[in-house]
Amino acid sequence: MIFNLDLLADDPLAFFILFGAIGTALLVGISFHEFSHAAAADALGDRLPRRMGRLTLNPLAHLDPGGTVLMFLVGFGWGKPVPVNPNATANPKAALAITAGAGPISNFVVAAVAGLPIRTGAVEWLSPFYLYNTADWGTQEYLGYYLSTLVLVSLILGVFNLFPIAPLDGFKVAVGILPRELSRSFARLEQYGPLILIALIALPLLTGGRVGILFEIMQPIIEFLARLFAGVSGNVY
């Protein structure tokens, strides 16, 4: 879980700031993520997302109940998939990759913007995964806590969605950029993707946290991006 419920008793303000940061990351991150899919498709000539009402930043059009709950429970999730029709574009294969990749890229944009005050030294990096003694915290620390959480959750959303496993965006990116024959072979794995993803998500729960393949792959990537976007010099987590 991305936040510690002990905070509610120790420092209710810190708890609600953390909760608010996760909520902001969901509303902004997922909405902007799905909107970016729709905007990329529309720019390439695919009008299906526009017709389906997905070319909007309104969170109600994009949030998925299951993906939202999972985000709060384990730290990553997803929104409602944007329906696209790459065949309506001049280059369907390239359009598939560009449209799919636009979502995770949007999460990295959110992380970069939220990380600017941390990178410039205006506030410090305060990871939501660490339990602090907040007795002496002031406005600057609470703001750093909020922005650090926003950066980290945005990075988790972006990196998670880049895994080349259906139904994640990374699968469509891979199908779009692989050589044609290899792409066709890889696309046949789509039906197995959800089962593979569920198994990978369940592994830490089934092994008492001893095995977490997804996190082990994601961690160094997220740490690199946190240092890139927020200038984190110490421990990211």
Side-chain angles (χ1 to χ4, degrees), residues 24-71 76-113 153-198 200-201 214 217-218 221 225 229:
T24 302
L26 283 170
L27 289 175
V28 175
I30 292 179
S31 299
F32 190 34
H33 178 111
E34 299 301 335
F35 166 78
S36 296
H37 286 315
D42 194 70
L44 293 169
D46 177 6
R47 301 292 181 255
L48 180 58
R50 181 184 290 272
R51 291 198 300 271
M52 298 299 292
R54 302 301 298 277
L55 197 63
T56 175
L57 286 169
N58 183 352
L60 296 178
H62 302 301
L63 291 180
D64 174 85
T68 302
V69 169
L70 193 62
M71 182 69 216
F76 54 80
W78 54 82
K80 294 178 185 175
V82 172
V84 296
N85 179 21
N87 291 324
T89 68
N91 188 334
K93 197 166 180 295
L96 180 67
I98 293 170
T99 301
I105 289 172
S106 74
N107 296 125
F108 299 146
V109 170
V110 173
V113 172
V153 173
S154 298
L155 292 179
I156 290 170
L157 282 169
V159 173
F160 173 67
N161 274 286
L162 279 176
F163 272 92
I165 305 171
L168 302 179
D169 297 326
F171 183 81
K172 293 180 180 177
V173 172
V175 170
I177 65 176
L178 287 172
R180 193 164 299 277
E181 289 303 316
L182 186 57
S183 174
R184 287 173 180 168
S185 298
F186 188 73
R188 296 190 188 103
L189 299 175
E190 183 172 9
Q191 60 183 317
Y192 306 109
L195 290 176
I196 295 171
L197 190 60
I198 290 170
L200 290 173
I201 291 172
L214 282 178
I217 296 173
M218 290 171 65
I221 301 171
L225 292 174
F229 295 140

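D46 contributes no side-chain N or O that, together with a main-chain N or O of A88, makes up a donor-acceptor pair within less than 3.5 Å. Remark: side-chain polar atoms of H62 are paired, donor with acceptor, to backbone N or O of T56 under 3.5 angstrom. Checked by atom type and distance alone, the side chain of R54 pairs as donor or acceptor with a backbone atom of K80 at under 3.5 Å. S36 places no side-chain N or O within 3.5 Å of a backbone atom of G103 that could act as its donor or acceptor partner.
Taking every heavy atom of both residues into account, P49 and P83 meet most closely at CG-O, 3.3 Å. Nearest heavy-atom pair across M218 and I156 is CE-O, 3.7 Å.
Within the structure, salt bridge (Lys or Arg N to Asp or Glu O under 4.0 Å) pairs that include any residue of residues 169-185 comprise E181-R184 (at least two apart or interchain).
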Please list, one pair per line, the donor and acceptor atoms closer than 3.5 Å that link side chains of residues 93-100 to other protein atoms, with sequence neighbours excluded.
residue: K93; atom: NZ; partner: G176; partner atom: O; Å: 3.0
residue: K93; atom: NZ; partner: L178; partner atom: O; Å: 2.4
residue: T99; atom: OG1; partner: A95; partner atom: O; Å: 2.8

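F163 is linked by a ring-ring contact (aromatic ring centres under 6.0 Å, His included) to nothing, counting only residues two or more places apart in sequence or in another chain. Qualifying side chain to side chain donor-acceptor pair (under 3.5 Å) partners for S31, counting only residues two or more places apart in sequence or in other chains: none. In this structure, the side-chain contact (heavy atoms from CB on, under 4.5 Å) partners of I196, at least two apart in sequence or on a different chain, are I165, Y192, L200. Every residue two or more places apart in sequence or in another chain that forms a salt bridge (Lys or Arg N to Asp or Glu O under 4.0 Å) with R50 is listed here: D42.
Between the NE2 atom in H33 and the CG atom in N161 there is a gap of 4.5 Å [rounded to 0.5 Å].
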